[in-house]
Amino acid sequence: MTGQLRLDDYLQRYSETAPHALAVAAAVDAIASGSIEIADLTSTGLFADASGLTTGRNSDGDLQRDLDVQADAIIRRCLARLPIAALASEEMREPQIVDREGRICVAIDPLDGSSNIDINMTVGTIFSILPAPDDLGLAFHQRGTAQLAAGFVTYGPQTSLVLTLGEGVDIFTYDRAAKCFRLARRGVQISETSDEFAINASNRRHWDPPVRAFIDECLAGIDGPANRDFNMRWIGSLVAEAYRILTRGGVFLYPSDARPGYGDGRLRLTYEAHPVAFIMEQAGGAATTGRERILDLAAHNLHQRVPLIMGSHHEVRRVEELHCDPLLVASVSAPLFARRGFFRL
Ligand code: AFP
């Protein structure tokens, strides 16, 4: 059945399943349409009337590239025709109340990983779809478990839409000849354990002890407590890391660290961690801050950051064990340094 089923037919079937389903299906369809425009824009590189050049900073102080602004405008234009109660974006200071009769709210990161544009690396659009609460001022202060749907689109060798509607994860790949997304993988499952970790290792001296202990265990490989060798990846694009984990397992860590402004890590809860965590759990993986399940959290403010550790269950749980047991951290760290002196303290 994969390869034949078009996204619009898949959404049509879903739209008849529940009261909110029609609104969710319409929003996913609109985001998918907008993503095709963004894919065209990112694929033309410097020939586009938007390159990866920075134009300023967004409301949260991140460098903003013209493609960030254009991607945001495209997605918002595609959603504008729909009865959406409230819309939030990384590129917007505050949420926008759109239609008070709307049944759903949408949070987007229009172009995640945009610092990779000028080096021609995979970037993407992330989205989270929530029910519209009676008080729309609380639209984006809901727990992650409230999400009705979530997903992301990768703009890489393939333009692929990763989607959960709450009953597993399916992946659609854009068929340029047919000009439509087609179902490529149904019911994606993340391997229970993996030998691949992803972290920006240049920040090691800023990490908390549990994160150092976990990474040192990975680096110790077959000679250490994990008793197996690991591989490392770091792309600098959350959607690309998530897609790799959905494909071959692994664990991704963007923890809090001691750098100024990184006390809660780098990634935003509402439009990055919540949607990606929903995908991870729906594919049999896990997503945590190290101490709390990401989906149990509710944002206090729209651009609130959160530490994110996600991926294969076994490795995520190991990171949590180390966060919850300082004696375990000490027992892991001492022998590693005593025998091998991986890093100078
Ligand atoms: P940009 O959107 O500014 O490129 O940030 C991407 C991101 O939020 C996430 O996609 C990456 O995993 C992470 O930042 C990379 O952060 P470092 O640049 O600190 O490694």
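When a ligand or atom number is given, it counts from 1 through the structure's own listing order.
Among Phe252, Tyr262, Trp234, the residue whose heavy atom sits closest to atom 15 (C) of ligand 1 is Trp234.
In summary, Glu321 and Arg318 engage in a salt bridge, as defined by a charged side-chain N under 4.0 Å from a carboxylate O.
Near Leu267, meaning under 4.0 Å from any of its heavy atoms, are these atoms of ligand 1: 8 (O), 9 (C). Set against the non-hydrogen atoms of Gly113, the atoms of ligand 1 under 4.0 Å away are 1 (P), 2 (O), 4 (O), 6 (C). Applying the 4.0 Å criterion to heavy atoms of Leu238 picks out, from ligand 1, the atoms 9 (C), 10 (O), 11 (C), 12 (O). Proximity to Ser115 (heavy-atom distance under 4.0 Å) selects the following atoms of ligand 1: 1 (P), 4 (O). The distance from ligand 1 to the heavy atoms of Asn200 drops below 4.0 Å at these ligand atoms: 17 (P), 19 (O), 20 (O). Heavy-atom proximity to Ser114, at under 4.0 Å, picks out these atoms of ligand 1: 1 (P), 2 (O), 4 (O).
Each of Thr122, Asp40, Thr42, Thr125 was checked for a side chain to side chain donor-acceptor pair (under 3.5 Å) with Tyr155, and the lone residue meeting it is Thr125.
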CA sep, side-chain torsions, deciding dist, call: Arg228, Thr193, side-chain hydrogen bond (donor to acceptor under 3.5 Å, both in side chains): CA-CA 12 Å; Arg228 67 193 199 278; Thr193 187; 3.3 Å; yes
Derivation and outcome, side-chain hydrogen bond (donor to acceptor under 3.5 Å, both in side chains), residues Arg176 and Thr159: CA-CA 9 Å; Arg176 296 198 185 296; Thr159 296; 3.2 Å; yes
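Residue contacts with ligand 1 for Glu241 are absent, since no atom lies close enough (heavy atoms, distance under 4.0 Å).
Closest approach of Ile126 to Glu272, counting heavy atoms only: CD1-CG, 4.1 Å.
In this structure, Phe214 has its ring center at least 6.0 angstrom away from the ring center of Phe197.
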